[in-house]
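Please read the structure below before turning to the comments.
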Amino acid sequence: IGAVDVFQVGESKSKKTDLKENVSLTSETDLKDEGVYVGVEEDVDTLTENVDDGLGDIWQEMSMALEFSKDGLEELPGENMSEDEDCDHSFVLKDDLGYVCRICGVIERGIETIIEIQYNKVKKSTRTYAVEPRNGRESSETVGFKLSEDHLTVTDIAAHPRHMKQMKPHQLEGFNFLLNNLVTDNPGGCILAHAPGSGKTFMIISFMQSFLAKYPHAKPLVVLPKGILATWKKEFQTWQVEDIQLLDFYTVKADNRSQQLDVLKQWVERKSILFLGYKQFSTIICDSGNGKTSITCQEILLKAPSILILDEGHTPRNENTDVLQSLAKVQTTRKVVLSGTLYQNHVKEVFNILNLVRPKFLRSDTSKSIIKRVMSKVHISGVRKQFKGGAEAAFYDLVEHTLQKDENFERKVSVIHDLREMTSRVLHYYKGDFLDELPGLVDFTVVLGLSPRQMDEVQKLKRYQRKFKVSSVGSAVYLHPKLASFSEKSDTTDDKIDAKIDDLLDKLDIREGAKAKFFLNLLNLCESAGEKLLVFSQYLIPLKFLERLAVKLKGWQP
């Protein structure tokens with residue numbers, strides 16, 4: 001970019017050509033050398049807005065140079081129109097801009113606010129299906145309002161172009177996998193078993209927005225661990241295209257059933273998404289009270305959802321828990337489990353989750369034939385006889401035994417292939433190959449020279465007989481020699497430790513501690529680069545010292 005010169009009007013066409021070639025080569029190199037993004041890849045405009053890289057003036061000069069290099073003055077758009085209203089607007093939809101007038105170029109509605117984009121690659125079907133076809137439920141009348149049973153037309157649903165640009169191949173596969181299970185003539189549940197950090201939340205947020213754009217009266221319910229609710233909402237705001245209300249009980253402090261019913265009514269009556277914690281959900285469903293309010297809350301949660309999303313879906317894996325039994329009562333057939341660690345303890349727990357999203361999964365014809373194939377490959381006394389009696393538990397034990405204890409490696413592999421074949425239509429698995437695209441882990445050790453004061457304190461460590469004592473005191477002394485005073489027994493309450501360290505910080509010279517000085521330098525570098533820093537220690541005192549050091553010198557709060 002720095003090599004681009006500014007040409008004046010009237011210079012030769014050869015120079016103009018050279019300029020355009022330079023510009024083209026430069027921009028191509030910049031875009032290709034950006035590397036592979038794991039998260040979002042913003043437009044160039046967005047990047048230049050967020051990062052002041054000092055190139056703004058150069059881009060402006062380049063733009064001026066291109067304008068000056070043109071032959072003569074071209075007629076400006078709209079120059080012959082006295083006013084904007086003189087244009088007889090004819091708007092067309094462009095994927096990158098939105099609704100644009102083909103005559104004057106005015107943008108009526110930007111693409112970032114449009115999600116109802118249709119791709120005519122597949123002929124639309126006019127077939128319809130009920131929201132809850134398996135249960136055959138009629139419209140339910142609850143206290144004061146009606147739970148409508150919308151008939152959703154099977155149609156094309158596509159991710160918003162803004163989302164599409166950021167999706168990795170496995171996320172596009174996952175999006176289409178959701179479509180194949182949830183938007184069909186006979187919808188059913190499914191499992192997204194993607195590695196932690198592979199973007200499951202972004203993918204399901206994109207899907208829900210596209211789903212709501214097509215079916216505005218649909219009622220998505222997201223059940224998740226309460227601790228990750230804030231993360232979900234923040235992610236939703238990042239990728240939100242339309243203004244969709246996000247409801248939960250915790251933000252408005254709806255603690256009693258009456259307050260919770262008010263939130264549920266808002267969810268039913270408006271275009272919105274409801275978030276509930278697993279414990280909160282099961283508490284409401286298992287409430288044995290006969291009050292009208294409690295019964296109405298239960299009825300709404302069991303009958304209203306059009307789609308049920310279970311984040312960290314391995315949580316309700318034990319069939320004897322209230323959580324799993326409560327979720328199984330939700331009458332929608334569209335249940336989606338998101339899990340990065342689906343297999344944790346036992347094979348049976350995986351099939352409990354499969355049966356949650358697809359009731360009677362093992363009893364389907366496809367599953368039965370594969371189960372017979374698996375049973376024919378193993379010879380364990382007693383187990384096969386149990387299975388002949390119809391016990392599904394025997395199949396779980398058989399697979400568990402094969403995977404964990406069978407010494408025949410080929411048989412293990414064969415059983416795994418059979419299980420994958422059996423679950424291929426309802427379970428989308430991704431082990432995290434995207435990690436190969438990351439720059440990798442840079443692991444190195446920095447050896448610091450101790451200050452004279454630290455050297456003196458290190459010599460005193462020899463008086464301790466126990467290695468643990470040498471390690472614990474040494475970890476503090478290497479940070480700063482003044483921390484040697486904490487080697488003796490002292491009050492261990494957090495408040496008293498904080499007060500003692502704060503008092504110490506007023507008196508010490510930070511340059512006497514090699515590690516403390518290095519920590520501050522690294523912290524300042526991370527702050528200037530907008531990066532995060534994680535500090536680990538085996539002992540409490542060093543961590544407390546660094547925390548109070550950041551509070552005192554940076555003015556931060558824990």
Side-chain angles (χ1 to χ4, degrees), residues 170 173-174 177-178 180-181 188-198 200 225 278 310-321 323-325 327-328 335-436:
H170 73 275
E173 281 185 19
F177 171 79
L178 292 172
N180 293 335
N181 281 278
C190 57
I191 298 174
L192 282 173
H194 289 194
S198 58
K200 295 185 294 295
Y278 281 106
L310 305 176
D311 196 13
E312 300 298 333
H314 52 269
T315 304
R317 59 185 180 270
N318 190 324
E319 77 272 19
N320 296 321
T321 61
V323 175
L324 186 64
Q325 293 177 4
L327 293 169
K335 296 176 182 175
V336 181
V337 163
L338 308 178
S339 178
T341 52
L342 185 64
Y343 180 80
Q344 290 191 317
N345 298 313
H346 303 291
V347 169
K348 184 178 181 181
E349 294 177 349
V350 178
F351 281 98
N352 285 339
I353 298 173
L354 275 169
N355 284 324
L356 171 63
V357 298
R358 289 269 180 166
K360 301 178 182 179
F361 173 75
L362 286 180
R363 297 175 189 175
S364 68
D365 292 338
T366 304
S367 297
K368 282 181 180 178
S369 62
I370 296 177
I371 289 172
K372 288 180 181 178
R373 191 194 312 162
V374 172
M375 297 298 289
S376 67
K377 293 178 180 177
V378 295
H379 301 280
I380 302 176
S381 60
V383 177
R384 294 181 64 187
K385 291 180 181 178
Q386 289 177 23
F387 183 79
K388 288 179 179 178
E392 291 179 355
F395 174 69
Y396 303 144
D397 293 339
L398 174 61
V399 174
E400 187 77 41
H401 183 277
T402 304
L403 297 180
Q404 300 288 356
K405 300 177 181 179
D406 197 333
E407 296 180 357
N408 187 326
F409 182 75
E410 290 183 359
R411 186 154 54 211
K412 274 187 181 182
V413 172
S414 178
V415 169
I416 289 173
H417 281 302
D418 290 335
L419 291 176
R420 284 188 176 177
E421 180 184 345
M422 183 167 66
T423 60
S424 60
R425 292 186 180 181
V426 296
L427 192 155
H428 192 270
Y429 175 72
Y430 179 65
K431 65 180 180 179
D433 293 333
F434 74 99
L435 295 174
D436 297 336

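The first residue in the sequence is number 1, and the count goes up from there.
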Partners meeting side chain to side chain contact (heavy atoms under 4.5 Å, CB included) with Asn180 (sequence neighbours left out): none

Side chain to side chain contact (heavy atoms under 4.5 Å, CB included) between Glu173 and Tyr430, worked out: CA-CA 10 Å; Glu173 281 185 19; Tyr430 179 65; over 6 Å; no

Donor-acceptor contact present, side-chain Ser424 to main-chain Glu421, <3.5 Å: yes

Qualifying residues under side-chain hydrogen bond (donor to acceptor under 3.5 Å, both in side chains), relative to Ser364, sequence neighbours excluded: Ser367

Option among Thr366, Ile371, Val374 that satisfies the side-chain contact (heavy atoms from CB on, under 4.5 Å) test with Met422: Ile371

Neighbour count above 12 (heavy atom, 6.0 Å) for Arg373 CZ: yes

Value rounded to 0.5 Å, distance of NZ in Lys335 from CG in Leu310: 8.0 Å

The single option from Val426, Leu327, Ile353, Leu354 passing side-chain contact (heavy atoms from CB on, under 4.5 Å) against Val337: Ile353

Non-hydrogen side-chain atoms of Arg358 and Thr423 separated by less than 4.5 Å: no

Whether Phe395 and Phe351 hold their rings parallel, tilted or perpendicular, with breakpoints at 30° and 60°: perpendicular

Residues forming a side chain to side chain contact (heavy atoms under 4.5 Å, CB included) with Arg425, sequence neighbours excluded: none

Main-chain N/O of Ser198 paired to His170 side chain as donor or acceptor, under 3.5 Å: yes

